[in-house]
Trainee: 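Before anything else, here's the structure in question.
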There are 2 protein chains.
Amino acid sequence: MPPNSIKAAQDRFVAVWGQMGSAWGISRTMAEVHALLYITGEPLCTDDIMERLQISRGNASMSMRALLDWGIVERVHRRGDRKEYFKAEGDVWAMFRAIVRERMKREVDPLRAQLYEIRDQTGERAGERAPRDQGADLLAHNRRLDELLRFFQTLEGVSNSFVSPAGRGLQAAAKILGYIGGGVGNSAGPSTEATDTKEAG
Amino acid sequence: MPPNSIKAAQDRFVAVWGQMGSAWGISRTMAEVHALLYITGEPLCTDDIMERLQISRGNASMSMRALLDWGIVERVHRRGDRKEYFKAEGDVWAMFRAIVRERMKREVDPLRAQLYEIRDQTGERAGERAPRDQGADLLAHNRRLDELLRFFQTLEGVSNSFVSPAGRGLQAAAKILGYIGGGVGNSAGPSTEATDTKEAG
DNA sequence: CGACGTTTTCAATCGTTTCTGAAACTTTCG
DNA sequence: CGAAAGTTTCAGAAACGATTGAAAACGTCG
């Protein structure tokens with residue numbers, strides 16, 4: 001096995017992860033930077049990233065900053081070195097929790113707020129009554145909004161129980177649900193289990 | 001209340017939903033079309049959509065097709081009318097299940113497959129041994145890949161239990177978890193007040 | 001069967017987002 | 001304090017995905 005096969009695998013991982021990122025509305029480069037930090041597992045500095053990913057300094061800097069904001073990458077200082085190094089969160093579940101937390105905060109919460117506003121916009125104000133004609137439509141309209149709101153409220157709850165300090169809760173629940181769903185066996189143990197997913201229909 | 005206030009609310013909903021879509025990697029227009037169908041609740045034809053959303057015929061057609069593929073919009077035929085009409089799935093949970101199913105199929109499953117390949121790429125082949133130098137790095141590299149794979153496997157399980165015919169399972173679980181989440185003193189509650197959805201019961 | 005209304009496709013265009021590179025800024029150290 | 005090293009910002013350039021509009025395909029009806 002050639003000694004640089006790890007590097008090749010890393011490159012491939014970076015590409016794959018970057019692609020996934022862009023499918024989920026995250027800038028490709030940001031995902032790539034994260035991928036690189038995650039897969040190498042060790043702290044890298046801006047120049048390392050620039051060189052390895054062939055991107056500009058500005059881009060590298062911005063992406064790093066964003067990852068820091070997301071809380072899935074942390075600064076590392078080395079004694080006797082003025083450079084800053086960066087290291088990715090190593091625990092996949094912690095990483096995912098951070099992502100969920102941020103996306104809820106940035107996208108779902110504002111969305112909920114807007115939906116409430118829209119709901120209020122046609123909500124009956126005190127002492128005012130909708131015209132007879134509009135009544136049914138309005139009711140149905142508001143019912144649909146409410147259903148959406150209810151849904152997002154539930155989602156909020158789920159996400160909180162996942163994200164919270166005691167958030168391992170969902171990790172456990174996920175496993176239980178996993179069993180229900182597909183009989184997916186996953187237990188502790190670093191052994192290379194390449195268990196195939198069994199469809200349960 | 002002016003009779004067109006529903007229309008105004010609909011427009012606003014369309015805008016909000018479209019924005020959300022693009023934040024999650026769905027084309028804005030497609031999300032808008034869906035929003036329109038959902039919020040009006042009744043079947044619309046291509047021309048209705050073109051006019052209301054001010055988009056081209058081609059765009060409307062493509063977006064409709066995509067929504068059909070996602071399984072969150074269905075064709076409706078009207079007797080004595082050659083046009084095709086389209087109607088959005090009305091049940092929020094069913095809609096969300098369809099979305100999860102599709103995104104898993106299109107994005108997560110391929111990702112998993114790729115990760116397996118990458119894993120195999122450096123996996124020890126029979127009778128071959130990694131050079132001593134690379135040993136530790138390789139082990140750590142593969143461990144990180146495995147963790148990711150394990151995670152996605154669990155995710156797959158959760159999603160299956162959600163998506164499957166008996167998928168109401170997660171709906172119930174979600175509510176339970178939601179309660180837990182609400183009860184748990186979670187970190188500085190972002191903006192989770194205003195939880196006054198009217199209960200029908 | 002040919003004409004008409006409707007839907008689909010696709011190359012060209014347009015608009016948005018991302019990326020670059022250089023300048024401005026900040027921090028550290030002699 | 002000033003120089004050196006590092007980081008951030010930002011206007012313009014490039015890349016990418018979305019959108020259009022016209023033409024082809026489809027299916028129906030007289």
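Worth knowing before you read on, the calculation uses all heavy atoms, side chains too, and leaves out hydrogens, waters and symmetry mates. In the text below, chain A, chain B and the rest are named by the order of the sequence lines, each starting its count at 1.
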Trainee: Could you give the CE-to-P distance, from M50(A) to dT8(D), as a whole number of Å?
Mentor: 13 Å

Trainee: Is a side-chain N or O of S61(A) found less than 3.5 angstrom from the main chain of R57(A), in a donor-acceptor match?
Mentor: no

Trainee: Hey, does the side chain of R144(B) reach the backbone of T40(A) with a donor-acceptor pair shorter than 3.5 angstrom?
Mentor: yes

Trainee: In whole Å, what is the span from the CD1 atom of I55(A) to the C1' atom of dA13(D)?
Mentor: 17 Å

Trainee: Pull out every residue in residues 28-40 of chain B that has a heavy atom closer than 4.0 Å to any atom of DNA chain C, ordered by number, or say none.
Mentor: none

Trainee: According to ring pair (Phe, Tyr, Trp, His ring centres under 6.0 Å), who are the partners of F13(A), at least two apart in sequence or on a separate chain?
Mentor: W17(A)

Trainee: Would you say the side chain of T29(B) lies within less than 4.5 Å of the side chain of L53(B), judging by non-hydrogen atoms?
Mentor: no

Trainee: Quick one: which protein N/O atoms are closer than 3.5 Å to N/O atoms of nucleotides 5-12 of chain C? Pair and distance per line, please.
Mentor:
{"from": "dT7(C)", "atom 1": "OP1", "to": "E84(B)", "atom 2": "N", "distance (Å)": "3.0"}
{"from": "dT8(C)", "atom 1": "OP1", "to": "R75(B)", "atom 2": "NH2", "distance (Å)": "3.4"}
{"from": "dT8(C)", "atom 1": "OP2", "to": "S61(B)", "atom 2": "OG", "distance (Å)": "3.2"}

Trainee: Has the side chain of Q54(A) got a donor or acceptor atom that lies under 3.5 Å from a matching backbone atom of E51(A)?
Mentor: yes

Trainee: With distance as the sole criterion, is a donor-acceptor pair present between the side chains of Q19(A) and R28(A) under 3.5 Å?
Mentor: no

Trainee: Check whether any side-chain N or O of E107(A) sits under 3.5 Å from a backbone N or O of M104(A) as a donor-acceptor pair, and report yes or no.
Mentor: no

Trainee: In whole angstrom, what separates Q54(A)'s CD from dG21(C)'s P?
Mentor: 11 Å

Trainee: Could you tell me whether the side chain of D48(A) and the main chain of C45(A) form a donor-acceptor pair under 3.5 Å?
Mentor: yes

Trainee: Starting at atom CG of L53(A), determine the distance to atom C1' of dT18(C), rounded to an integer number of angstrom.
Mentor: 14 Å

Trainee: Measure the distance from CZ on R79(B) to P on dT28(D) and round it to the nearest whole Å.
Mentor: 17 Å

